[in-house]
Amino acid sequence: MSSLSRSFYLRPAAQVARELLGKILACEGVSGRIVETEAYLGEDDGAAHSARGITPRTRVIFGPPGYAYVYFIYGMYDCLNIVCEPEGIAGCVLIRALEPLSGLDQMRTRRGSARRDEDLANGPGKLTRALGIKIAHNGVDVTKGPITIHASEHAEQFEIATSTRIGITKSADLPLRFFIKDNPCVSRR
DNA sequence: AGTTCGATCGCCT
DNA sequence: GGCGATCGAACTG
């Protein structure tokens with residue numbers, strides 16, 4: 001069970017976003033299958049945090065691929081992205097939803113009140129909370145750890161659906177959201 | 001230094 | 001479907 005190599009991420013964000021579907025995301029023994037992603041581009045994408053250049057917050061997005069970009073949003077939630085493209089070029093993939101695989105007890109504890117398995121990580125703020133991912137993980141190398149991504153042990157067949165991205169106002173018409181069709185852990189239809 | 005607003009979520013009606 | 005929570009980053013002046 002080896003992590004995806006850095007070259008996997010050294011490609012356009014939209015392509016990486018599609019191919020991350022079905023992969024396994026893990027952190028400290030808690031893991032889930034990626035069922036929903038969004039690509040954020042470097043240019044011509046007003047919705048991307050990197051759209052207005054390098055700042056203290058966005059510097060990781062302009063760095064080498066295969067690193068985590070974690071940001072704090074709405075005063076409450078952390079969101080996880082994986083940096084793509086070569087160093088110097090912005091681009092990343094937001095992980096939006098997971099199908100819980102292991103450590104469900106810990107996920108449920110972290111998420112609070114008892115709830116259905118499908119609701120433990122079916123959103124970008126929920127999955128970071130379920131896995132214990134916080135702003136302190138900003139900049140970590142996901143080809144190493146503690147956050148890792150690897151291929152599923154079994155070949156899986158699934159259909160990929162595409163839509164516009166959720167919760168943005170700029171560049172809202174770009175079809176850069178990808179999800180596994182009919183999966184119950186996707187955040188929205 | 002003050003203001004605005006956001007790649008969200010859960011609770012309310 | 002609507003809204004409040006909660007706070008830092010980025011922008012304005």
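Any value given below was found using the heavy atoms of this structure, including those in side chains, with hydrogens, waters and symmetry copies removed.
If you check dT8(B), dA10(C), dG8(C) against the side chain of Cys79(A), the one that comes closest is dT8(B). Looking at the side chain of Arg52(A), the nearest of the listed nucleotides dA7(B), dA5(C), dA10(C) is dA10(C). The side chain of Met76(A) lies closest to dT6(C), out of dA7(B), dG6(B), dT6(C). Checking dG10(B), dG8(C), dA10(C) against every side-chain atom of Phe72(A), the shortest atom distance belongs to dG8(C). Of all nucleotides listed (dG10(B), dT8(B), dA5(C)), dT8(B) comes nearest to the side chain of Ile73(A).
Classification of Asp45(A) and Arg165(A) as a salt-bridged pair holds, one side-chain N sitting under 4.0 Å from a carboxylate O. Note on Arg108(A) versus Asp117(A): salt bridge recorded, some NZ/NE/NH1/NH2 to OD/OE distance being below 4.0 Å. The residues Arg188(A) and Glu36(A) are annotated as not salt-bridged, no charged nitrogen and carboxylate oxygen being separated by less than 4.0 angstrom.
Rounded to whole Å, atom C1' of dA7(B) lies 13 Å from atom CD1 of Ile135(A). Here the P atom of nucleotide dA7(B) and the CD atom of Glu38(A) are 10 Å apart, to the nearest Å. Atom CG in Leu174(A) sits roughly 13 Å away from atom C1' in dA7(B) (whole-Å rounding). Glu36(A) has its CD atom 13 Å from the C1' atom of dT8(B), to the nearest Å. One atom, CG of Asp78(A), and another, P of dG8(C), lie 12 Å apart when rounded to the nearest Å. Separating the CZ atom of Arg116(A) from the P atom of dG10(B) is a distance of 12 Å, rounded to the nearest angstrom. The nearest whole Å value for the distance from the CG atom in Leu127(A) to the P atom in dG10(B) is 12 Å. The OH atom of Tyr71(A) sits 18 Å away from the P atom of dC5(B) (whole-angstrom rounding).
When both distances must be under 3.5 Å, the Watson-Crick or G-U wobble mate of dT6(C) does not exist. dG2(B): Watson-Crick or G-U partner is dC11(C), with both key distances under 3.5 Å.
Looking at heavy-atom distances under 4.0 Å, Gly75(A) makes contact with a base. Contacts of Ile168(A) with the nucleic acid, taken as non-hydrogen atoms under 4.0 Å apart, involve only primed sugar atoms and P, OP1 or OP2. Residue contacts for Arg165(A): at a heavy-atom cut-off of 4.0 Å it reaches no nucleic acid atom on any strand shown.
DNA chain B is contacted by both Lys126(A) and Ile166(A); Ile166(A) maps to the nucleotide lying nearer its 5′ end (nearest heavy atom per residue).
The side chain of Arg111(A) contributes no N or O atom lying less than 4.0 Å from OP1 or OP2 of dC9(B). At least one side-chain nitrogen or oxygen of Arg57(A) sits closer than 4.0 Å to the OP1 or OP2 atom of dA10(C). Proximity of His49(A) to the phosphate of dA9(C): no side-chain N or O atom is located under 4.0 Å from OP1 or OP2. Contact check, Thr55(A) against dA10(C): a side-chain N or O comes under 4.0 Å of OP1 or OP2. In this structure, Arg129(A) does not reach the dC9(B) phosphate: none of its side-chain N or O atoms is under 4.0 Å from OP1 or OP2.
Between His49(A) and Tyr71(A), the ring center distance clears the sub-6.0 Å criterion.
For dG2(B) and dT6(C), the P atoms lie 22 Å apart once the distance is rounded to whole Å.
Looking only at side-chain heavy atoms (C-beta outward), Tyr9(A) and Leu4(A) come within less than 4.5 Å of each other.
Minimum heavy-atom separation, Ala97(A) to Ser187(A): CB-N, 4.3 Å.
In the interface, the side chain of Tyr74(A) is not paired with the base of dA5(C) through any donor and acceptor atom under 3.5 Å apart.
For dT8(B), the base is not stacked against the aromatic ring of Tyr77(A), per a cut-off of 5.5 Å between centres and 30° between planes.
Phe179(A) carries Arg177(A) over the face of its six-membered ring, with the cationic atom under 6.0 Å from the centre and within 45° of the normal.
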